[in-house]
Novice: 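Okay, here's the structure, questions in a sec.
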Number of protein chains: 2
Amino acid sequence: MASIKDVAAEAGVSVATVSRVLNQHPSVSQDARLRVTAAVERLGYRPNAVARSLRTDQTRTLGLVISDVMNPYFTELARSVEEEARALGYSVIIGNADERPDLQDHHVTTLLDRRIDGLLVSPTDGGSPRMLDAARTGTPMVFVDRWIPGVDVPVVRSDGRAAVRDLVAHLYELGHRRLAIIAGPAATTTGRERVDAFREALGAYGLALPDAYIGQGDFQAASGRRVTEGFLGLAEPPEAVFAADNLMALGALDAVRARGMRVPDDIALAAFDDIPWFVHTGPPVTAIAQPTRELGRAAVRALVDRIEGRTGESVTLPARLVVRRSCGEAVPRDPLPTPSVPPVPSTPSPVRRSTP
Amino acid sequence: MASIKDVAAEAGVSVATVSRVLNQHPSVSQDARLRVTAAVERLGYRPNAVARSLRTDQTRTLGLVISDVMNPYFTELARSVEEEARALGYSVIIGNADERPDLQDHHVTTLLDRRIDGLLVSPTDGGSPRMLDAARTGTPMVFVDRWIPGVDVPVVRSDGRAAVRDLVAHLYELGHRRLAIIAGPAATTTGRERVDAFREALGAYGLALPDAYIGQGDFQAASGRRVTEGFLGLAEPPEAVFAADNLMALGALDAVRARGMRVPDDIALAAFDDIPWFVHTGPPVTAIAQPTRELGRAAVRALVDRIEGRTGESVTLPARLVVRRSCGEAVPRDPLPTPSVPPVPSTPSPVRRSTP
DNA sequence: ATCCTCCGTGTAATCGATTCCACGAGGAGG
DNA sequence: CCTCCTCGTGGAATCGATTACACGGAGGAT
């Protein structure tokens, strides 16, 4: 592969001049510029990003460590991150932790070894020493979706509290009183928060959340199935189940079906994280939608701000309830209208379409 | 961040010795080795992968350019590619082309600029000059899923011909005679092949595939919807629709629902590419399942073989039909039973479960 | 005519590793 | 006791870029 030396020889100039042309440095004569670009063209030369990075100490690359690629929520997040990063002139390297702390650590380590300019993480646990260390020693970093309390890193996430309240109101309205939740891992902030928000919302209706109605899941489908089977086996099973993510809702659907029961006739189901497929499940699933694309964009912007010496603040965007049919048929047509869509802010709207 | 020089100083040896310890070179005294590892520990030193790559001319990184991350089929493929690569000591950088040739070219270019050791591509089109050039000049490369005819690069893919025959037999059995297809882009091999296989299978039953029953899609949901609306508007609409990928099937489901019709009562639906969600759609969708994980593994192995100087051959794996309910109820219970779920095998098996 | 700028260019140092080569010490063999 | 290996080690070149610095020539001011 041709190097800058070959180009210099071909153009009859020094490597310094070639470099200057490549980096649009002003003090290069028109003549030299032309000769160099011609030589570049002729040789099909492309600068070696590795060498450039070594010298400039920047890779123009962002690392993104997500909890689970197979989860459509994270897939969409990854996509919007890459999009925004590309727009700002950065590449993204994705690491999939698969909800495993050891894998998360592996990816953080390799990304750091490659000297990425900044790191976007949705932590699976409390954080490995390596990651905490990187955060402390000043590697530009931003948490997205989940975060680690006590670590001084901006967080870009969405707040589901209001949406969870709307959901509980919706369930109450439909006559459900025994409400259960399939929780995410307690090691994650989202795992804990969603349970808290749910309990709080129940409290507002004078409803309790007994321990038997809190099933411990791990954000993966299999756990949703297992927990739901447990609920269904109870002497007094819940009338409605709220899954803390979409994959566990899928597992719940499985469990209900396996038992020959039906949603919502026999049991109601709702999920955190809305995804296109929920429109087409039998029945369509009521879910809490996060402004995923906006989260991705905001996270990248905050990270790039940090990298380039600007401030880079935390951002919290509201989630919203999308009512479908999995909690029971909406009585006639009025009683509890779908909460109105929040006002559209400045640029790209956080509103998510509920149909693909 | 500490460099090899700092470690050398700390350990009281030369950088050469440190490097030798790091690379487990045999001729280092026990004493020096201990001192170096201690220094590494104390400083929290990690070798700079950028510098190492520059010197050794290898990055131990694979590039993967896929057509669309939001398509669960490709997500799963990406996941298995990363898994196998990691097992072999390589990292993976994913580029999402979003079915856009310009984006594909962008990613191929950046990956090449980063001097990845090898490239895995599922081409969106006939290939940009840059990609063709890389293939010709010896960059290790392997096509996965889709390929470009006439380019001398191994191909890892699955053959759906037999499964498509099984599908047509299934549809015929259920009494459907007017069969239509939502095709993928003609620029892709899979786009063309699936139509050909379908037509051929129809021929075996004395059925024709009129032009009106071939809808041109682009592997994205919106096109599936558009094409299906067209079919439904025909004076004599088809009795069954075969979508050439899962996203277009989703669009088809949309279109049918929007028209107030039902699957399979009013129209039958089947898809290429099976995904976990198809179990939970209303109704569950009959699909052709590719051995996705195996494809990813095989592709990585072939590519790494090439990189490390071994041969690295093409691989073709069979796809298989998974019957569910979207083409009509399997008559009573015997004639053509749903293929039983295969027993869960030990570890990697080419068999794909039809339920998550 | 002389001096000072400014502009375009080249030389060489540098980034952080790997690795070839040379060198000194110590042991074995004659 | 001398020679020859072997082994452990360090010096220095190298990978492909960027960039500080020096330098020569052209042009303007005096």
Novice: Using a 4.0 Å heavy-atom cut-off across all strands, classify A/A49 as base, sugar-phosphate, or nothing.
Specialist: nothing
Novice: Please report, rounded to the nearest Å, how far the P atom of C/dT18 is from the CD atom of B/Q24.
Specialist: 11 Å
Novice: How close or far is atom P of C/dT18 from atom CG of B/L22, stated in whole angstroms?
Specialist: 6 Å
Novice: Verify the distance criterion only: is there a donor paired with an acceptor across the side chains of B/T61 and A/R114 at less than 3.5 Å?
Specialist: yes
Novice: Rounded to the nearest Å, what distance is computed from the CG atom of residue B/D57 to the P atom of nucleotide D/dG16?
Specialist: 7 Å
Novice: Assign A/S27 to base, sugar-phosphate, or nothing according to its heavy-atom contacts below 4.0 angstrom with the strands shown.
Specialist: base
Novice: Just the rounded figure in Å: distance from P of D/dG16 to CZ of B/R52.
Specialist: 18 Å
Novice: Determine the contact category for B/S19: base if any of its heavy atoms lies under 4.0 Å from a base atom, sugar-phosphate if only primed atoms, P, OP1 or OP2 are that close, otherwise nothing.
Specialist: base
Novice: With the side chain of B/N23 defined as its heavy atoms from C-beta on, choose the nearest nucleotide among D/dA17, D/dG11, C/dT18.
Specialist: C/dT18
Novice: As a test of reading the structure: which of D/dT18, D/dT9, C/dT18 is closest to the side chain of B/V28, going by heavy atoms?
Specialist: D/dT9
Novice: Rounding to an integer number of Å, can you tell me how far A/H25 NE2 sits from C/dC7 C1'?
Specialist: 10 Å
Novice: Considering only side-chain heavy atoms of B/S29, which listed nucleotide, C/dT9, D/dT9, C/dT18, is closest?
Specialist: D/dT9
Novice: Between A/Q104 and A/D125, do the side chains contain an N or O donor and an N or O acceptor separated by less than 3.5 Å?
Specialist: yes
Novice: Once you apply a heavy-atom cut-off of 4.0 Å, does B/R55 come out as touching a base, just sugar-phosphate, or nothing?
Specialist: base
Novice: From the list C/dG8, D/dT18, D/dG10, which nucleotide is the closest neighbour of the side chain of B/V13?
Specialist: D/dG10
Novice: Between atom CZ in B/R115 and atom P in D/dG16, what is the gap in whole Å?
Specialist: 9 Å
Novice: Using a cut-off of 6.0 Å, state whether more than 12 heavy atoms not belonging to B/D57 lie near its atom CG.
Specialist: no
Novice: On DNA chain D, check which nucleotide each of B/D31 and B/V15 is closest to and give me the residue with the more 5' one.
Specialist: B/D31
Novice: Among D/dT18, D/dA20, D/dG16, which nucleotide sits nearest the side chain of A/R20?
Specialist: D/dA20
Novice: If the test is side chain to side chain contact (heavy atoms under 4.5 Å, CB included), which one of A/L120, A/N71, A/V144 qualifies with A/L77?
Specialist: A/V144
Novice: Please pick, from D/dG10, D/dG16, D/dG8, the nucleotide with the shortest atom-to-atom distance to any side-chain atom of A/L54.
Specialist: D/dG16
Novice: Could you say whether A/K5 or A/T17 is positioned toward the 5' end of DNA chain D, judged by the nucleotide with the nearest heavy atom to each?
Specialist: A/K5
Novice: May I ask you to check whether B/R130 and B/T109 show a side-chain donor-acceptor distance below 3.5 Å?
Specialist: yes
Novice: When the distance from CZ of A/R60 to C1' of D/dA17 is rounded to whole Å, what number comes out?
Specialist: 16 Å
Novice: Using whole Å, what does the distance between atom P of nucleotide D/dT19 and atom CD1 of A/I4 come to?
Specialist: 11 Å
